Every structure is written in C-alpha cells, then in structure tokens.
Amino acid sequence: MDYSFNEIEEKWQKFWQESKIFSARPDLKKKKYYLLEMFPYPSGKIHIGHVRNYTIGDAAARFKMLDGYNVLHPMGFDAFGQPAENAAIKNKTKPDVWTSKCIDWMKIELKKMGFSYDWDREVSTCNSDYYKWNQWIFLRMYEKGLVYKKASSVNWCASCETTLANEEVIDGACWRCHTNVELKDLEQWFLKITEYKERLLEDLTWLKDWPQRVLAMQANWIGKSEGLEIYFRLKDSTQPAGSGLASDSQSHKPAGSGLASSGQSQKIIPVFTTRPDTIFGATYIVLSPEHPLIKEIIKERPQEREVLKFIEKVSKENKIARLKEDVKKEGVFTGAYAFNPVNNEEIPIWVAPYVLMEYGTGAIMAVPTHDQRDFLFAREHGLAMKIVIQRTESGEQRTEELTSAYEGDGIQVNSAQFDGLPNQEAKLKISQWMQNSGIGKIQTHWRLRDWLISRQRYWGTPIPIIYCEKCGIVPVPCEDLPVELPKEAPFTGKGGSPLAKVKEFTQARCPKCDAQSLRETDTMATFFDSSWYFLRFCSPKFEKGPFEAEAVKYWMPVDQYIGGIEHAILHLLYSRFFTKFFKDMGMIESNEPFTRLLTQGMVLKDGEVMSKSRGNIVDPDSIIKKYGADTLRLFILFAAPPETELEWDDRGIEGAFKFLNRVWRIQDNLKEKASPALVKILHKTIKKVTEDFEEFKFNTAIASLMELTNAIYLFGADREVFSKLIILISPITPHFSEELWQILGNKESIVKADWPPSDPNLLVEENITIIIQVNGKVRSKIEVSADIEEDKLKEIALSDDKLKPWLQNKPVKKLILIPKKLINIVV
RNA sequence: GCGGAAGUGGCGGAAUGGCAGACGCGCUAGCUUCAGGAGCUAGUGGGGCAACCCCUGAGGGUUCAACUCCCUCCUUCCGCACCA
C-alpha cells in the first residue's frame with residue numbers, strides 16, 4: 001500500500017495555515033534569515049518553473065528554521081501589467097477582478113505545494129496600499145532630481161502601443177511580444193539611474209555570493225569604458241570657412257579646448273578611443289552615417305552626391321542588416337581631410353556604417369594596424385597603415401606583411417617621444433600629454449542609459465503629476481496619495497493612454513494655485529513595483545511610509561534571493577538602484593538588497609524548454625494529484641543541482657515516490673535498539689546533509705538520505721534513528737515528515753523540532769581502509785586500526801601478498817603515505 | 001569578437017589533487033506473490049575465457065598521484081556586441 005499523501009497533505013496544510021506557524025516576528029535573541037523567492041506575476045496557474053524556484057526556497061527556509069534561525073519567508077504578487085488588460089478583454093471582465101481571481105487560484109496552488117510562507121505578509125502591487133508608496137517614492141525621487149521628463153527618441157512597440165525601457169528591448173524587438181521596436185519622439189518620464197552608475201558598478205565587487213555570470217552581465221550592461229576624447233581639426237575646405245565652432249552641435253564642442261580661438265579652420269571632429277597609445281597610427285577618420293557634421297564637410301565637394309546617396313541607402317537598412325559580415329567593410333570617402341593632432345599629418349575622412357552614432361562621439365580615429373575592424377576596412381579601400389606598437393616577442397614587422405591587426409601589448413614605435421615605452425605606460429602618458437595640450441580629454445563612456453518608466457497603459461501605478469497651465473508640472477502632494485487608478489477605463493489592450501479618456505481621472509485641481517488642471521495619464525513600468533517589494537515585506541501593513549525603519553533594520557538585507565536568470569539585468573539592477581537611493585535618503589542601512597543570489601536553472605522536457613507551442617508542458621497540478629506534493633518536491637530537488645537545467649523525467653518522479661514509500665514502511669519494523677554500525681552511518685549522514693543544505697546541494701543531500709535508508713533496510717532502525725531521518729528529510733518533504741513525526745508520538749509540529757547535531761565521536765572510525773597503490777595504480781586495500789603507527793603500516797603494506805607481482809625484484813624508490821587514506825609505492 | 005557556464009556510463013548526475021561513475025532512473029537475474037507496471041535481494045562503464053588492460057571533449061604539461069591544477073585546441077549553451 002502506498003502512503004495516503006492526499007489525506008496527509010491536506011491535513012498538514014490546514015494545520016500550518018490555522019496555527020500560523022510560519023508567522024515571522026523580529027526577535028533580537030535569534031539570528032535572522034530573510035529568504036526570498038522572486039514573486040510571481042499572477043497568471044492564475046503555477047508552472048513547473050515556479051515549482052522549482054519555490055521548492056528550492058522552501059527547503060532552504062525550512063532547514064534554517066530547524067537550524068534555529070528566525071526566518072522571514074514571505075510571498076506576494078507582482079500584479080500590475082499588460083497581460084491583465086489582455087485577459088480582461090478576452091474574458092470580458094475587468095483587470096482588477098481578473099487579477100484578484102488569478103491571485104486566489106495561484107494561492108491555492110502554492111498552498112498545495114506546502115510552502116512555508118508567512119501569508120500574513122502577502123502583498124499585491126496592484127492594491128492602492130502598495131502602489132501608493134510607488135507614487136510616494138516617485139515623488140521623493142522627483143524632489144531629489146532623480147525623476148525628469150524629457151522629449152526624446154524612445155523605443156516604441158507598435159503592437160503593445162507603448163514605450164519600452166532600453167533593458168526591455170531584446171535584439172531590437174519587444175521583450176514581451178517580439179515585435180520590432182521603432183523609435184518615436186515622445187515626452188516621457190525617466191529615472192536617473194545613471195546618477196548611480198559608478199556605485200552600481202563598483203559595488204558588484206561586494207556581491208561575492210552572486211553568480212559570476214550575473215555580475216558579468218550587470219557590469220557589461222553598465223558598460224564603463226575609459227579612454228580619451230581626441231580633437232581632430234578639419235582641413236580648410238575649398239569654400240570659405242563660414243561656420244565656426246558655434247554652429248557645431250553642443251555635444252561635440254571640445255570643452256576647455258584652446259583651439260576655439262586660434263583663428264584658422266575651427267571645425268573640430270572629436271573622436272573617442274580606449275587606445276590613446278595608438279594615436280600615432282591613426283591614418284584616417286570614420287564618421288557614422290548619422291553624424292551631423294557630414295553634410296557640412298561634403299558641401300560643394302565632388303563627392304557630395306555619392307556620400308549623400310550612400311547615407312540614404314544606409315539609413316534604409318535596419319540595424320540587423322548593418323551587422324552583416326559583407327556590409328562591414330562598406331564605406332565612402334568624403335573628400336575632406338583632418339589633421340592628426342599629434343603629428344599634423346593629413347588624414348582622410350570617411351563615412352561608414354560600422355561606426356555607430358549612439359556610442360562615443362559617433363566618430364572614430366582608425367588605426368588599421370591595431371584594430372581588426374579598421375584593418376579590414378583599410379585593406380578593402382587601400383588606406384594607409386602604420387605600425388606603432390611592436391610585438392615584444394618577434395622582430396620588426398612591415399605593414400605589407402600584416403594579415404591582421406595586432407591588438408595586444410607591446411612597445412611603442414613611430415610614436416615620437418613615446419618610442420620605446422611599453423604601450424600600457426604610453427597610454428597613460430599620451431593621455432596626460434594630450435589633455436595638457438588641449439587636444440584631448442580623458443573621458444569615461446557608459447553604456448547605461450536613464451530608465452524610461454512611462455507606459456501608455458491602464459493597469460499600472462498612475463504617475464502622481466498634475467499639469468497646470470500656470471504652474472507647469474506640479475507633483476501631487478503626499479497627503480493626496482494615493483492617486484487611485486479608476487476602476488474602469490476604456491482600454492483596448494492597445495495603448496493610447498486609456499486613462500486620458502477617463503474624465504473623472506484627468507480632471508484635477510492644481511495643488512499650488514487650485515486652477516482646473518490635467519493629470520498625467522501615463523502609468524509606471526511594472527519594474528518600478530518590484531524594485532522595492534522586498535522592503536515592503538518587512539512591514540507589509542505599515543501606513544506611515546513604504547516600510548518601517550525598525551523592521552527593515554532587523555530583516556534587511558535579504559540573506560538569500562532565488563529566482564530566474566532572466567532577471568539578471570532588469571529587476572536586479574533596478575532593485576540595487578532603489579536600495580542605494582533609500583540608503584542615501586537615510587531610510588535604510590543596507591547598501592545592497594540581496595546578499596546571496598541563486599539563479600535556478602530551467603526545467604526542460606526532452607531537452608527543450610517547456611512551452612505551449614511545443615506541447616511538452618508538465619502540469620504541476622496533475623503530478624500533485626497522482627503522487628502528492630512531497631514527491632514532486634523530492635524529485636525536483638533530487639534530479640539536478642539548483643543552478644543547472646533540470647531534465648524532466650516521468651520515471652524519475654516514480655522513483656521519488658517509491659523512495660518515500662520505502663521510508664514510510666520503516667515504521668512497521670522498528671527495533672528496540674539500532675546497531676552501532678547504523679548509528680555511525682546516521683551521524684555521517686547528518687554531517688553530510690547539514691553541509692549540503694547549507695550550500696543548496698539538495699541532490700547530494702537526498703542521495704545520502706537514500707543511502708541511510710538503504711542501511712536501515714540492512715540493519716534495522718530504532719525510533720531514534722528513524723526520528724532523525726524524518727527531521728533530516730522534512731525540509732524537502734514536509735507533509736510526509738509531519739505525519740510520521742506525529743505517528744512517532746510527537747505532540748508538536750516537526751517545524752519546531754531541533755536539527756540533529758552530528759556527534760563527532762561517532763564520526764571517528766576505529767578501522768580504516770587504506771588504499772595501496774604501486775606507481776599510482778590501485779593494487780590492494782588493507783583494513784587497519786585508525787591509530788596505527790606509520791612504520792607499522794608501511795611494513796604491513798610492503799609485505800602485502802597482492803603486491804608481490806608488482807614489487808618483484810624492484811627497489812622501492814619512494815613511498816608516499818597519506819595518513820588515513822593511501823600509500824603509494826614507487827618502484 | 002568580448003564575457004560567463006559547461007563537456008564524465010544507455011539517461012539524470014556524484015567525486016575539487018588520493019579507489020572515477022556515489023545516489024537515482026533504466027536494464028538483467030533471483031526470491032516473494034493468485035497476479036502485477038507492487039515489494040525484497042543481487043548484478044549492471046567498455047574490452048577480454050582469464051590474469052589484466054582501457055575509460056572523465058582532444059592533445060600536451062606539472063605531480064608519487066589529475067575529472068580536479070597549468071598550457072593549446074575543439075564543441076555546446078547563455079549574455080553583450082562593428083562599444084572604438
């Protein structure tokens with residue numbers, strides 16, 4: 001008979017809920033442990049990915065509880081967002097009704113898994129007692145100058161009819177619907193995340209317990225590159241230089257350059273480089289086709305028409321086409337020349353799409369000998385090359401012999417007074433020298449852009465701003481919060497600001513002058529909501545602010561955060577930004593929100609990601625029905641380590657179920673007293689399982705629990721041994737363990753049990769097996785007492801009969817003895 | 001191209017310098033059962049009758065000893081990307 005998981009699971013779920021056993025309270029006498037799993041979007045059904053994420057978290061949380069920690073393990077719902085609007089239209093209901101229904105279903109499913117959440121702390125971001133604080137935070141940021149509105153070219157998804165943050169554009173397409181993103185000029189709200197770029201980058205080194213790849217992805221995204229902006233003077237064109245520096249665009253004006261007053265040709269082309277050490281090898285300049293100076297420098301030149309045609313052609317190509325290999329070498333000569341500021345050589349100016357307007361200054365100095373892209377371009381168009389860095393290991397090279405650019409380190413040559421210096425040193429010296437001479441400026445470029453947060457959607461937090469004809473942009477005073485989202489709006493699933501069509505919403509009085517005014521009708525990106533929910537969990541019902549200082553002081557930072565790798569950039573970067581902002585406001589002490597991060601791997605079926613279109617979805621609910629939640633939990637933790645991908649296997653589930661039944665049946669055959677051999681195995685298992693749990697190695701912890709079970713079948717367990725096994729497995733299979741715990745006569749929940757310590761005396765072996773190798777190959781094993789003397793052991797080993805064929809007539813050259821492990825005889 | 005992770009039986013995986021393949025799935029045999037897609041026990045990397053030999057993506061190195069450390073290369077997955 002299989003154990004009756006249905007009955008048992010329901011019984012204990014009810015008990016946990018009614019006893020509020022997982023309610024967390026600050027307690028200064030205990031060590032706190034804040035364990036958090038990324039909260040879900042309430043789609044209505046939990047999928048296998050949720051199950052894996054939350055099972056890993058739950059096993060860890062329950063282990064920490066037993067191990068004596070005061071554990072905070074909350075759950076909530078990231079409830080705003082576009083799918084609710086689409087679903088509401090499809091099902092002819094309202095987003096709030098649909099969302100709360102989904103939350104209800106989802107909670108039922110989460111409870112069926114037996115997760116140890118403190119449900120009293122549940123938050124949903126779509127409730128006004130939550131999003132009120134979104135608005136409050138927005139206003140605080142506004143006061144600090146971290147929120148601004150700007151007309152700019154923004155990413156626009158025509159299908160969703162809304163704007164997107166840079167982080168939401170994946171391969172030039174909308175992250176949600178994969179429609180190609182277009183650029184649109186709009187007035188939008190931005191958060192100045194760039195204000196924090198240095199700290200967001202530097203503090204990554206502080207996050208020692210984050211996966212390397214997440215740190216790398218964040219660093220990559222912030223994209224710091226240090227270098228030099230160099231000013232190239234344009235050679236006088238045939239026409240009189242009518243336009244001076246004043247006509248140049250603001251951003252390209254060389255700040256502090258003494259050249260502006262020199263009276264000759266004033267036109268300056270700034271370029272950005274990370275390799276100032278190669279400046280003497282710059283043999284041409286390339287402008288991006290979008291560069292604003294092009295039209296001026298080609299005016300009335302023979303090349304004018306050709307260049308314009310080229311630009312026209314390039315502008316029609318999309319970004320992806322521009323990256324194609326054969327397009328890479330395309331380019332056209334402008335007819336104009338500039339002077340290399342370090343040696344006054346005349347170098348030609350080209351236009352090519354391999355230079356991007358978005359990065360640096362939109363112009364580069366090309367050094368074909370030391371940059372592979374420049375090399376390919378120069379070879380294609382027959383442009384000059386000049387070696388300025390000599391490889392140290394090989395002799396002198398000639399430019400004609402080059403088959404590729406040399407991008408490594410070496411010694412400066414053809415570089416005037418810098419000849420003979422190692423290039424890394426020259427890099428610094430040249431930068432300094434050029435900066436002092438006013439022909440360069442040491443600069444740092446960043447990839448990170450400010451965060452666009454306006455969305456033209458209904459189901460989100462209204463941005464708390466009022467537009468008054470007289471006073472302009474006026475923030476809503478805090479006492480007027482929340483700006484409630486109206487219950488109804490004519491949303492279509494498309495954008496076009498549904499709120500703009502709700503008169504009762506748009507009409508407002510100016511807080512300053514009381515004049516009839518209009519409300520902002522954009523809502524906030526939902527990533528705003530999830531950037532601080534971990535703080536709200538510390539005091540979810542606090543009414544005087546987004547969170548209570550004392551509660552946050554006790555619980556923060558999150559000791560262990562668990563979630564999917566897909567949030568490696570967006571959510572984690574934004575949360576780090578918010579945390580730093582709150583710290584600067586003096587509201588919290590932590591500088592970083594998440595001390596440890598675990599990114600769990602995906603669940604695959606037949607080697608592929610589960611998806612509706614592939615039709616390979618495993619529905620957690622049907623597994624629970626067939627085997628129970630404990631079996632599902634056990635399988636998911638056993639099948640693979642948490643960080644790696646997990647291959648779903650129906651037979652594996654069966655195996656997990658079989659194991660639980662095997663443990664269940666132990667109760668029928670308990671002995672009066674277990675053998676010392678079994679007790680020893682138990683204590684070894686305790687040690688191993690404890691260590692494994694601490695490192696989230698659940699798969700090997702389970703393996704050693706299976707070994708213990710196998711040993712029990714061999715030797716027969718007593719109540720003591722069986723009880724300990726039940727506690728050890730309880731973080732993984734909580735219902736099952738509660739039931740057996742009760743059957744064993746315990747009155748209190750197993751949640752309140754103590755994690756068993758392993759007795760060091762029982763871990764000591766009296767007899768140990770020593771491996772004997774000859775020339776590194778295992779030839780024999782001997783069993784000896786653990787405290788045997790080394791000489792005696794050597795003697796026994798050398799006289800071992802099994803070794804005779806290997807030792808015959810050969811002198812022993814060397815003998816390696818590793819205490820308690822092995823002997824290696826070298827002959 | 002840059003950055004990150006990985007490559008071990010038929011499969012999921014274990015071992016972080018010291019017995020390669022723990023544990024499980026699958027498979028094989030036996031026992032048990034009226035019967036079983038249940039349970040129990042044993043076996044199960046490859047070659048060889050055997051003694052033995054071979055085996056952790058490939059090749060080299062360090063070491064008494066290498067899945068593990070170092071070098072070169074290959075492959076796969078993920079992120080970024082003509083980022084100057």
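On a predicted model such as this, the values are computed, not experimentally measured, just so you know.
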A.B. asks: Starting at the 5' end of RNA chain B, which residue's closest nucleotide do you reach first, M706(A) or I569(A)?
C.D. replies: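 Its nearest nucleotide lies further toward 5', so the answer is M706(A).
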A.B. asks: Please determine if a side-chain N or O atom of R213(A) lies less than 4.0 Å away from the OP1 or OP2 oxygen of C80(B).
C.D. replies: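 Checking C80(B) against R213(A), no side-chain N or O comes under 4.0 Å of OP1 or OP2.
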A.B. asks: Just to be sure I understand the rule, does Y713(A) reach a base, reach only the sugar-phosphate, or reach nothing, if contact means heavy atoms closer than 4.0 Å?
C.D. replies: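 Sugar-phosphate: the residue Y713(A), judged by heavy atoms under 4.0 Å, touches backbone atoms but no base.
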A.B. asks: Using a heavy-atom cut-off of 4.0 Å across all strands, would you classify E643(A) as base, sugar-phosphate, or nothing?
C.D. replies: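 Nothing, no heavy atom under 4.0 Å.
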A.B. asks: When you check the gap from the basic side-chain N to the acidic O, do E691(A) and K687(A) get nearer than 4.0 Å?
C.D. replies: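 Answer for the salt bridge query: yes.
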A.B. asks: Ignoring the backbone of A640(A), work out which of G13(B), C25(B), G3(B) is nearest its side chain.
C.D. replies: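 Minimum distance to the A640(A) side chain belongs to G13(B).
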A.B. asks: Assign N699(A) to base, sugar-phosphate, or nothing according to its heavy-atom contacts below 4.0 angstrom with the strands shown.
C.D. replies: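 It contacts sugar-phosphate atoms only.
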A.B. asks: Taking only the side-chain heavy atoms of K781(A) (C-beta and beyond), determine which of G18(B), C19(B), A5(B) contains the nearest atom.
C.D. replies: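 Taking heavy atoms from C-beta onward, the closest nucleotide is C19(B).
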A.B. asks: Taking CZ from F377(A) and P from A84(B), how many angstroms apart are they, rounded to a whole number?
C.D. replies: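 Taking CZ of F377(A) and P of A84(B), I get 18 Å after rounding.
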A.B. asks: Of the nucleotides G3(B), C80(B), C82(B), which has the atom closest to the A216(A) side chain?
C.D. replies: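 Of all the options, the side chain of A216(A) is nearest to G3(B).
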A.B. asks: Starting the side chain at C-beta, find the nucleotide from G79(B), G24(B), A84(B) nearest to F638(A).
C.D. replies: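 Nearest listed nucleotide: G24(B).
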A.B. asks: Does A20(B) have its OP1 or OP2 closer than 4.0 Å to a side-chain nitrogen or oxygen of K777(A)?
C.D. replies: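 Looking at the OP1 and OP2 atoms of A20(B), neither is under 4.0 Å from any side-chain N or O of K777(A).
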A.B. asks: Which part of the nucleic acid does N710(A) contact within heavy-atom distance under 4.0 Å: base, sugar-phosphate only, or nothing?
C.D. replies: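 Sugar-phosphate contact only - N710(A) comes under 4.0 Å of backbone atoms but never of a base.
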A.B. asks: Which nucleotide, G79(B), A84(B), C40(B), lies nearest any side-chain atom of T274(A)?
C.D. replies: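 Comparing G79(B), A84(B), C40(B) against the side chain of T274(A), the answer is A84(B).
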A.B. asks: Would you call K224(A)-E202(A) a salt bridge at under 4.0 Å N-O?
C.D. replies: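 Judged by the 4.0 Å cut-off on N to carboxylate O distance, K224(A) and E202(A) do not form a salt bridge.
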A.B. asks: If you only use heavy atoms from C-beta on, which nucleotide in A65(B), C53(B), C83(B) is closest to the side chain of N824(A)?
C.D. replies: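 The nucleotide sitting nearest to the side chain is A65(B).
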A.B. asks: A639(A) side chain: which of G39(B), A84(B), G12(B) is closest?
C.D. replies: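 Side chain of A639(A) sits closest to G12(B).
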A.B. asks: Distance check: side-chain N/O of R779(A) vs OP1/OP2 of C19(B), anything under 4.0 Å?
C.D. replies: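 The answer is no; no side-chain N or O of R779(A) sits under 4.0 Å from OP1 or OP2.
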A.B. asks: Between I364(A) and R662(A), just flag the one whose closest nucleotide in RNA chain B comes earlier from the 5' side.
C.D. replies: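 Whichever sits nearer the 5' end wins; that is R662(A).
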A.B. asks: Determine yes or no for a side-chain-to-main-chain donor-acceptor pair under 3.5 angstrom, with E647(A) supplying the side chain and V603(A) the backbone.
C.D. replies: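 No.
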A.B. asks: For the base of C64(B), is there a side-chain donor-acceptor partner from K814(A) under 3.5 Å away?
C.D. replies: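 No pair found.
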A.B. asks: Base, sugar-phosphate, or nothing: which does R651(A) touch, judged by heavy atoms less than 4.0 Å apart?
C.D. replies: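 Sugar-phosphate, backbone atoms only, no base.
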A.B. asks: Taking only N and O in the side chain of K820(A), is any of them less than 4.0 Å away from OP1 or OP2 of G18(B)?
C.D. replies: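 Checking G18(B) against K820(A), no side-chain N or O comes under 4.0 Å of OP1 or OP2.
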A.B. asks: Mark yes or no: R596(A) above the aromatic ring of W210(A), with NZ or CZ under 6.0 Å from the six-membered ring centre and no more than 45 degrees from the axis.
C.D. replies: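 No; the conditions do not both hold, so R596(A) does not lie above the ring face of W210(A).
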A.B. asks: Just confirming the chi classification of G9(B), syn or anti, using 90° around 0 as the syn window.
C.D. replies: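 Glycosidic conformation of G9(B): syn.
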A.B. asks: Are the charged groups of K802(A) and D800(A) less than 4.0 angstrom apart, N to O?
C.D. replies: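 So K802(A) does not pair with D800(A) through a salt bridge.
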A.B. asks: What's P641(A) touching, base or sugar-phosphate or nothing? Going by heavy atoms closer than 4.0 Å.
C.D. replies: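 Since only primed, P, OP1 and OP2 atoms lie under 4.0 Å of P641(A), the category is sugar-phosphate.
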A.B. asks: For residues Y354(A) and F377(A), establish whether the separation of their ring centroids is below 6.0 Å.
C.D. replies: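 Yes, the ring of Y354(A) comes within the 6.0 Å limit of the ring of F377(A), centre to centre.
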